[in-house]
Amino acid sequence: MRRSEINAALRAARALCDAYRFALPDWAEWSLADHQANPAQSRFLAGRQIGWDCTDFGSGDFARRGLTLLCLRNGVQGDATERPYAEKLLFVGEDQETPFHAHKVKLEDIIVRGGGNLMVEFTREGSFAADTMARVDGAEVAAFDGPIRLTAGASITIPRGLQHRFWGERGYGPVFVAEVSQCNDDRGDNFFLEPLGRFSTVEEDEAPLYPLWNEVSV
């Protein structure tokens, strides 16, 4: 991805937060210089994968296949002294797909906080889950009966091991999404159906608006 694409995606994400009056912590607007000026806090955040994230999954077409995220809190998987939970914001465009993937450790709720409709689809291919029932606001839903539409305020619980993808339904605008889950590890707990890259190679065509969490090293 070009840095200019990432910057534009982060500006759009900030605008969506502002539209829904979702206040962000101060560090969400830190520059690289701010991270360098606050090394202890910066190391704490980056060590827990907390911060901005923007990827095209190696597609080269962010608008079609990509995702912008902000991890607000997280622990370290496998460390009993750490927080066992995570919270993320996800910013999903119309027809912008996050491709099929599953998690071995993380159990998650995906919640539509505002904006358009989120479409969630499951597939048996590549799934390794014992549980094949999702839950929409607590009600059981057969995972493989076709895409599930989540409107504003609705949520879905995604069992571990179920291959799932999601996108914003065309014609309804971008979707402001939250994720509440067990501890998250984007380096080791994403199992894609296709051979995809979780993190994009960045072409530096302008200065970063905000560094991504995996770019922070102080």
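- At distances below 3.5 Å, at least one donor-acceptor pair connects side-chain atoms of D189 with backbone N or O atoms of K104.
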List the steps, then state whether salt bridge (Lys or Arg N to Asp or Glu O under 4.0 Å) holds for R113 with E179.
-> CA-CA 10 Å; R113 294 299 191 195; E179 176 186 311; over 6 Å; no

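- Within 6.0 Å of atom CD in E204, more than 12 heavy atoms from other residues, nucleotides or ligands are found, so the atom counts as buried in its surroundings.
- Put simply, the side chain of T55 gets close to the backbone of F57: a donor and an acceptor are under 3.5 Å apart.
- For the residue pair H164 / E108, a side-chain donor-acceptor distance below 3.5 Å is found, with atom types taken as modelled.
- With no hydrogens or angles considered, a side-chain donor-acceptor pair links D186 and N190 at under 3.5 Å.
- The pair R3-E206 does not meet the salt-bridge criterion, since no charged nitrogen lies less than 4.0 angstrom from a carboxylate oxygen.
- For R170, the CZ atom sits in a loose shell: 12 or fewer heavy atoms of surrounding residues, nucleotides or ligands are nearer than 6.0 Å.
- Remark: R64 CZ is packed, more than 12 non-hydrogen atoms of other residues, nucleotides or ligands lying under 6.0 Å away.
- A donor-acceptor contact shorter than 3.5 Å links the side chain of S59 to the backbone of D61.
- Figure legend: R65 and F62 shown without cation-pi pairing, the cationic atom not lying both under 6.0 angstrom from the six-membered ring centre and within 45 degrees of its axis.
- Using modelled atom types and a 3.5 Å distance limit, the side chains of D34 and S31 yield a donor-acceptor pair.
- Heavy-atom neighbours of D205 CG from other residues, nucleotides or ligands within 6.0 Å: above the threshold of 12.
- More than 12 non-hydrogen atoms from other residues, nucleotides or ligands lie less than 6.0 angstrom from CZ of R165.
- With no hydrogens or angles considered, a side-chain donor-acceptor pair links S200 and D56 at under 3.5 Å.
- More than 12 heavy atoms of other residues, nucleotides or ligands shown are found within 6.0 angstrom of CZ on F192.
- There is no side-chain donor-acceptor pair under 3.5 Å between R124 and Q163.
- The six-membered or imidazole ring of W213 lies near that of F199, with a centre-to-centre distance under 6.0 Å.
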